[in-house]
Amino acid sequence: MNCKKVSRLLSIYQDRELTSALERQVEFHLRDCHACRSEWDGLQELVGSLKCLPPPASDPYFPTKVMAGLQDNRAAKFRLLPAIAYALIFLTMFLSGFFLQLSYNNTMGAEKPKAATFTAVLLENQDLGLLAVHDNTLALFER
Amino acid sequence: MDQQTLTDDEIVTAVLAGRRQDFEILVRRYSGKIIHFITRMTQDRDEAQSIAQEVFLKIFQNLPYYRKENNFSAFIFKIAKNMTLNWLNREKRTILFSRLLGREFNKAPFRQEPPRVSPQDQKERESEITRNLLLLAEEQRLALILKVYLEFSYKQIREITGWSIPKIETLISRAKSRLKKNILLQERSHEVVYTARKK
């Protein structure tokens with residue numbers, strides 16, 4: 001195995017992710033090659049430095065906080081319940097009123113509103129010409 | 001049964017059957033690792049705590065979608081990864097808008113570290129590593145943190161991220177060489193400053 005290939009494999013070798021055959025080849029090369037050995041030492045030093053960063057201090061109340069958060073989350077879901085209940089009551093009242101009125105109209109045979117009709121009136125003494133007058137308005141004059 | 005002996009899958013089954021309080025066992029089991037992961041990704045300890053809380057809420061909501069044939073650890077870290085990347089993207093947008101509006105933005109994780117007093121100081125060394133980790137591309141940082149700090153195998157990283165093994169190998173290898181280069185350059189510059197001050 002040449003230096004170029006070893007250099008490419010060093011990081012994987014360090015992570016212990018090489019096959020045992022490749023691992024042996026890298027180890028064999030590192031024993032003899034000074035340049036690769038120095039590269040390897042640098043890598044080891046780097047990972048050592050990275051690992052010297054202490055893990056963050058743990059908060060003993062963290063699990064309790066999470067569990068409280070779960071409760072809050074559940075409560076938030078039910079916070080909308082009163083509003084939904086009011087909306088449902090209103091909708092039920094509205095719809096029942098509407099259908100009651102409809103059934104009342106059907107059973108009592110209530111008259112359907114008459115379609116508006118218009119009559120043409122010629123205004124002789126005026127220059128306004130022809131006017132369309134609603135029948136109800138005309139009825140007032142007829143009286 | 002002792003809580004320690006219960007497997008993740010058994011706890012999930014119990015929670016889904018209505019024993020919500022058992023979820024706390026999972027929180028106690030994984031909170032350290034999750035907070036560690038988020039802290040390393042964001043380099044902001046306070047934010048990491050609040051993101052971790054949201055992560056656990058999300059995990060709870062998504063428990064019905066967890067398939068037992070998969071690894072539970074990979075399942076929760078996938079959620080943690082997605083939420084952390086979302087947070088980082090939001091932060092980037094906030095910084096961008098602040099700059100567009102001509103405002104200074106001094107919030108972590110991209111804040112400037114205080115000036116160094118002594119390069120040998122352990123705290124300084126830590127902040128230097130932290131700063132260099134933040135300089136890495138997001139994918140490289142994610143892969144490196146999952147490998148170095150969480151000690152996941154490449155296979156587990158593949159489950160969490162959905163990347164192929166060769167991609168993971170390349171990302172970690174590049175992250176290491178970039179960090180090595182940057183730290184070495186900084187150490188050299190410290191030496192130059194130190195010798196100049198001595199003179």
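Every chain is numbered from 1 and lettered A, B, ... according to where its sequence line falls, protein lines coming before strand lines.
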Checklist entry - Can you name the closest pair of heavy atoms from A/P63 and B/R28 and give their distance? => result CG-NH1, 3.6 Å
Checklist outcome for this item: Taking a cut-off of under 4.5 angstrom between non-hydrogen atoms, the residues of residues 6-18 of chain A near chain B are A/S11, A/I12, A/Q14, A/D15, A/E17
Next on the checklist: For B/L57 versus A/V66, what's the shortest heavy-atom pair and its separation?
Outcome noted: CD2-O, 4.3 Å
Item to check | Among the listed options B/F60, B/Y149, B/F56, the residue most often paired with chain A at heavy-atom distances under 4.5 Å | outcome: B/Y149
Checklist outcome for this item: Honestly, the part of A/L46 sitting under 4.5 Å from a heavy atom of chain B is side chain
Item to check | Under 4.5 Å from any heavy atom of chain A - which part of B/T39 | outcome: side chain
Checklist entry - If two hydrophobic side chains count as joined below 4.5 Å and joins carry through other members, does B/L133 share a cluster with B/L135? => result no
Item to check | Stepwise side-chain contact (heavy atoms from CB on, under 4.5 Å) check, B/Q53 with A/F62 | outcome: CA-CA 8 Å; B/Q53 276 197 46; A/F62 183 79; 3.5 Å; yes
Checklist entry - With hydrophobic residues grouped by side-chain heavy-atom distances under 4.5 Å, do A/F98 and A/L91 end up in a single group? => result yes
Next on the checklist: If I compare all heavy atoms of A/S49 with all of B/I129, which pair ends up nearest, and what's the gap?
Outcome noted: O-CD1, 3.2 Å
Checklist outcome for this item: Assert top hit (heavy-atom pairs under 4.5 Å, partner chain A, pool B/K176, B/E169, B/E24) equals B/K176
Item to check | same_hphob_cluster(A/F94, A/F99) at 4.5 Å side-chain heavy-atom cutoff | outcome: yes
Next on the checklist: Hydrophobic clusters here meaning ILVMFWY residues chained together by side-chain heavy-atom distances under 4.5 Å, can you tell me if B/Y30 and A/Y61 are in one?
Outcome noted: no
Checklist outcome for this item: Cut-off 4.5 Å, heavy atoms of chain A, and the answer for B/A48 is neither
Checklist entry - What residues, two or more places apart in sequence or in another chain, satisfy side-chain hydrogen bond (donor to acceptor under 3.5 Å, both in side chains) together with B/N86? => result none
Checklist entry - For B/K167, does the NZ atom have more than 12 heavy-atom neighbours from other residues, nucleotides or ligands under 6.0 Å away? => result yes
Item to check | ILVMFWY cluster membership beyond A/L100 - transitive side-chain contacts under 4.5 angstrom | outcome: none
Checklist entry - Within a strict 4.5 Å, meaning less than it, do heavy atoms of the A/E45 and B/K180 side chains meet? => result no
Checklist outcome for this item: Max heavy-atom pairs within cutoff under 4.5 Å with chain B, candidates A/V47, A/T64, A/D59, goes to A/D59
Item to check | pair B/S177-A/L43: side-chain heavy atoms closer than 4.5 Å | outcome: no
Next on the checklist: What part of B/L26 gets within 4.5 angstrom of chain A, counting heavy atoms only: side chain, backbone, both, or neither?
Outcome noted: neither
Next on the checklist: Contact between B/L179 and A/L50 at the side-chain level, heavy atoms closer than 4.5 Å - yes or no?
Outcome noted: yes
Next on the checklist: Would you compute the distance between atom NZ of A/K65 and atom OG of B/S50 and round it to the nearest 0.5 angstrom?
Outcome noted: 10.0 Å
Item to check | Partners meeting side-chain hydrogen bond (donor to acceptor under 3.5 Å, both in side chains) with B/K181 (sequence neighbours left out) | outcome: none
Checklist entry - Among the clusters formed by ILVMFWY side chains lying less than 4.5 Å apart, do B/I34 and B/L85 turn up in the same one? => result yes
Next on the checklist: Counting only non-hydrogen atoms closer than 4.5 Å, does B/E151 touch chain A with its backbone (N, CA, C, O), its side chain (CB onward), both, or neither?
Outcome noted: side chain
Item to check | Which atom of A/P54 lies closest to which atom of B/R40, heavy atoms considered | outcome: O-NH2, 2.7 Å
